[in-house]
Asks: 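Take this structure first; my questions come after.
Counting begins at 1 with the first residue of the sequence.
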Amino acid sequence: MDAARRLLADRSGAVGVTAAAAVAFLALVAAVAIDLGGLALHARRLQGAADLAALSAARDLDSAAATAEATAHANIARGPLAVETTIGRYTPDKTVAPQSRFAPGNIAPNAAHVTLSAPAPLFFSRWLMGRDRVVVTRDATAAIPDAPKAMFSLGSRLARLDGGVANQLLSGLTGSQVSLSLMDYRALADLDVNLLSFTDALATRLGVTVGDYDALLGTTVDAGTALGVLDALAGGTDGGALGKLTGAAVGVKAPLGRLIGVDAQARDGLRAGLDADVSALDLITAMLEVGAGDRQMALKLDAPLGVADLKTWLAIGERPNRSPWLTVTGTGSPIIRTAQTRLYIRLRTSAKLAGLAQVELPILVELAASEARLNALSCRPGEAVEVGVRPGLARAMIGVVDEGRLDDFKHPLNPQPATILSLLGLIVLDAKADIEAADTRFKALRFDRDDIEAGTVKTVASRHFAGGLLASLLQRLELTPRVLNLPLDLGALTRALGGLLAPVGPALDALLNPVFDLLGLRFGEADVQVHGLSCPDQGLGLPRLVG
């Protein structure tokens, strides 16, 4: 008994036993780690083979199964390999879960899904798992972007430029003083900007991954930063105009998604769609409009012939539904829209009415948003884009409004009849007029390849008035003469007023057209330009891996 107790109480040699057990455990862990590393390497090779097989199958959908089989076996040379190939349609819609974007089927397929399965050997873990191999499965999907995309913009009128007017407009949009020469503006109008290069360079400046257009278009950029990027890309070909504008634009915040829009179907092909040129002046003006929405400015314009004094206020509102200026799309959405605009004019004639007094006339002009949408596009037999365009409502009224409410686009202004002439309150002449032009239907404009390459701007015009909006407005003037506050028919006075105002309307139209030219707007007109058309057979039909 004593010998047994001594043996049980003896602790000598315990470290050796523990060490032996630990070494055995570590050896087991090392063996499992080696097998896990082998499995990871095998899975990586299998995934690479699956990617290549899917790309090959998508390139030759008619023989997708055979092509995928050959490619997979060429890259996994040893051991058994199971290859399963399915063709179908892939929809690049970011709103759909990745696993639901591929739909198997033989109706107009544009993608191939390949699944590879191959056993990986186990060397040391076989005794733990009771088998000598594990089957590893990997899959991949590749698609061809077979839907053509078009890029177009609404509001691109650069037929005329007035340096003084442009400086006032850009000063109002930026909130800073802008002083560019007419030569500067012509240099900006003639400078072509590649949107792909611009957006990629802007992404780098903002720290956004190049090619991640979802993130980029969700970013709000300082217009000064964006113009700095544009200046660097121009490389001095703008004559220094961009450098002068960069500082003035600092502080104007422009959401990029409201400058460049894209439909859900076009996101996968956005890089190809953006590989097109736009005018730098168009891009700058649109960026500042987007960033400075609901801004009001006073314009100092030279009084035209027949006008002694002219005061003008301009208010530019946001684009309805936060519509972008330019879009890349393969469908009829989004509809793009111009900004809402109000112009209020107070003028005094240089000549006196019947030798009695000068006439004072308040005029309100409202331009509702014009609209454009993609109707259709084709790549064969001839490349063409059809855009549906509807000019916005153009309305002009003679009446008094509160200038301080011009930039309140949520409420109507409702002009009140204006007293345009008063002689000591004894003879008073009240006036009102209202004219509007609105088209309820979209008119189709067709752009062929030559139009697109030439940068042709096409216009849809409403035909509700001729000779200019303001000239037509003054022709519809309704007068109410009063003598000692009593209504009185003064036919001679009315006829004299018509003769006095006859030359004023066309002169005002000619004066104000350059203002709206720069903004890409015009009374009852809408301008559209198609900047690019991407077709799969233009090198864009190469398959790509998709999620």
Asks: Hey, is the main chain of Val221 close enough, under 3.5 Å, to the side chain of Thr219 for a donor-acceptor pair?
Replies: no
Asks: Does the salt bridge (Lys or Arg N to Asp or Glu O under 4.0 Å) test come out yes or no for Asp527 and Lys458, once each step is laid out?
Replies: CA-CA 6 Å; Asp527 299 313; Lys458 296 191 177 185; over 6 Å; no
Asks: Measure the shortest side-chain to side-chain distance between Leu347 and Leu508 over non-hydrogen atoms and say whether it is less than 4.5 angstrom.
Replies: yes
Asks: Val365 versus Thr341: any side-chain heavy-atom pair under 4.5 Å?
Replies: no
Asks: Could you check whether any side-chain N or O of Ser153 sits under 3.5 Å from a backbone N or O of Leu326, counting only pairs where one atom can act as donor and the other as acceptor?
Replies: no
Asks: Has the side chain of Asp222 got a donor or acceptor atom that lies under 3.5 Å from a matching backbone atom of Gly224?
Replies: yes
Asks: Any sub-3.5 Å donor-acceptor pair from Thr419's side-chain atoms to Leu421's backbone N or O?
Replies: no
Asks: Search all heavy atoms of Val528 against all heavy atoms of Phe447 and return the closest pair with its distance.
Replies: O-CZ, 3.6 Å
Asks: Do Asp451 and Arg446 sit within salt-bridge range, that is, some charged N less than 4.0 Å from a carboxylate O?
Replies: no
Asks: How far apart are the closest heavy atoms of Gln168 and Met297, and which atoms are they?
Replies: O-SD, 4.2 Å
Asks: When rounded to the nearest 0.5 angstrom, what distance separates CG in Asp402 from CG in Asn414?
Replies: 12.5 Å
Asks: Within the 4.5 Å heavy-atom criterion, are Leu217 and Val262 side-chain neighbours or not?
Replies: yes
Asks: Under the criterion side chain to side chain contact (heavy atoms under 4.5 Å, CB included), which of Leu230, Ile260, Leu227, Leu288 is the partner of Leu283?
Replies: Leu230
Asks: What residues form a salt bridge (Lys or Arg N to Asp or Glu O under 4.0 Å) with Lys432, not counting sequence neighbours?
Replies: none
Asks: Does Thr204 use its side chain to pair, donor to acceptor, with the backbone of Asp200 at less than 3.5 Å?
Replies: yes
Asks: Output a table of donor-acceptor pairs, distance under 3.5 Å, between side-chain atoms of residues 389-398 and any protein atom two or more places apart or on a different chain; print 'none' if there are none.
Replies:
from, atom 1, to, atom 2, distance (Å)
Arg390, NE, Glu371, OE1, 3.3
Arg390, NH1, Thr440, O, 3.1
Arg390, NH2, Glu371, OE1, 2.3
Arg395, NE, Asp434, OD1, 3.1
Arg395, NE, Asp434, OD2, 3.3
Arg395, NH2, Asp434, OD2, 2.5

Asks: So which atom in Pro320 and which in Thr338 form the shortest heavy-atom distance, rounded to 0.1 Å?
Replies: CD-O, 3.4 Å
Asks: Between the side chain of Thr174 and the main-chain N/O of Ala249, is any donor-acceptor distance below 3.5 Å?
Replies: no
Asks: Would you confirm whether Thr480, through its side chain, and Asp430, through its main-chain N or O, come within 3.5 Å as a donor-acceptor pair?
Replies: no
Asks: Got Leu188 and Leu245 here, is their nearest side-chain heavy-atom distance under 4.5 Å?
Replies: yes
Asks: I need the Tyr185 OH to Asp190 CG distance, nearest 0.5 Å.
Replies: 14.5 Å
Asks: May I ask you to decide if Ala234's main-chain N or O and Thr237's side chain share a donor-acceptor pair within less than 3.5 Å?
Replies: yes
Asks: Determine, step by step, whether Val504 and Leu361 satisfy the side chain to side chain contact (heavy atoms under 4.5 Å, CB included) criterion, reporting the C-alpha distance in whole Å, the side-chain angles of both residues, the deciding distance to 0.1 Å, and the verdict.
Replies: CA-CA 11 Å; Val504 172; Leu361 203 63; 5.9 Å; no
Asks: Let me see the working for Arg337 and Asn321 under side chain to side chain contact (heavy atoms under 4.5 Å, CB included), right down to the final yes or no.
Replies: CA-CA 9 Å; Arg337 299 173 173 87; Asn321 301 324; 3.5 Å; yes
Asks: Search all heavy atoms of Ser370 against all heavy atoms of Leu154 and return the closest pair with its distance.
Replies: O-CD2, 3.3 Å
Asks: Can you tell me how far CG of Leu445 sits from CD of Gln529, rounded to the nearest 0.5 angstrom?
Replies: 12.5 Å
Asks: Using the side chain to side chain contact (heavy atoms under 4.5 Å, CB included) rule, pick out the option among Leu299, Ile345, Val165, Leu314 that qualifies with Leu512.
Replies: Ile345
Asks: Write out all pairs satisfying salt bridge (charged side-chain N to carboxylate O under 4.0 Å, His left out) with one or both partners inside residues 352-361, taking only residues at least two apart or from two chains.
Replies: none
Asks: When you check the side-chain N and O atoms of Thr246 and Asp231, is any donor under 3.5 Å from an acceptor?
Replies: no
Asks: Identify the two heavy atoms, one from Phe516 and one from Leu367, that lie closest to each other, and give their separation to 0.1 Å.
Replies: CE2-CD1, 3.5 Å
Asks: Would you call Ile363 and Tyr344 a side-chain contact if the rule is heavy atoms closer than 4.5 Å?
Replies: no
Asks: Do Pro324 and Arg258 have side-chain heavy atoms sitting under 4.5 Å apart?
Replies: no
Asks: Please set out all donor-acceptor pairs under 3.5 angstrom arising from side-chain atoms of residues 300-313, sequence neighbours excluded.
Replies:
none

Asks: Under 3.5 Å, is there a donor-acceptor pair between the Ser179 and Asn167 side chains?
Replies: no
Asks: Starting at CD of Glu386, measure out to CG of Asp448 and round the result to the nearest 0.5 Å.
Replies: 12.5 Å
Asks: Apply side chain to side chain contact (heavy atoms under 4.5 Å, CB included) to residues Leu173 and Val178 and explain how you reach the verdict.
Replies: CA-CA 10 Å; Leu173 290 173; Val178 174; over 6 Å; no
Asks: Kindly indicate, with the supporting measurements, whether the criterion side chain to side chain contact (heavy atoms under 4.5 Å, CB included) is fulfilled by Thr220 and Leu256.
Replies: CA-CA 6 Å; Thr220 296; Leu256 291 179; over 6 Å; no
Asks: Give, for atom CZ of Arg319 and atom CG of Leu259, the distance between the pair rounded to the nearest 0.5 Å.
Replies: 8.5 Å
Asks: Please identify each residue that fulfils salt bridge (Lys or Arg N to Asp or Glu O under 4.0 Å) with Arg373, with sequence neighbours left out.
Replies: none
Asks: Just by distance, do the side chain of Thr225 and the backbone of Val229 share a donor-acceptor pair under 3.5 Å?
Replies: no
Asks: With rounding to the nearest 0.5 angstrom, report the CG to CD1 distance, Leu477 to Ile435.
Replies: 12.0 Å
Asks: Give me the one residue out of Val401, Ile316, Asp407, Leu413 that meets side chain to side chain contact (heavy atoms under 4.5 Å, CB included) with Arg342.
Replies: Leu413
Asks: Side chain of Thr199, backbone of Leu196: donor and acceptor closer than 3.5 Å?
Replies: yes
Asks: Under 4.0 Å between a Lys/Arg side-chain N and an Asp/Glu carboxylate O for Lys244 and Asp184?
Replies: yes
Asks: Can you name the residues that form a salt bridge (Lys or Arg N to Asp or Glu O under 4.0 Å) with Asp408, not counting sequence neighbours?
Replies: none
Asks: Could you report the tightest heavy-atom contact between Ala369 and Gln340, atom names first, then the distance?
Replies: N-CG, 4.4 Å
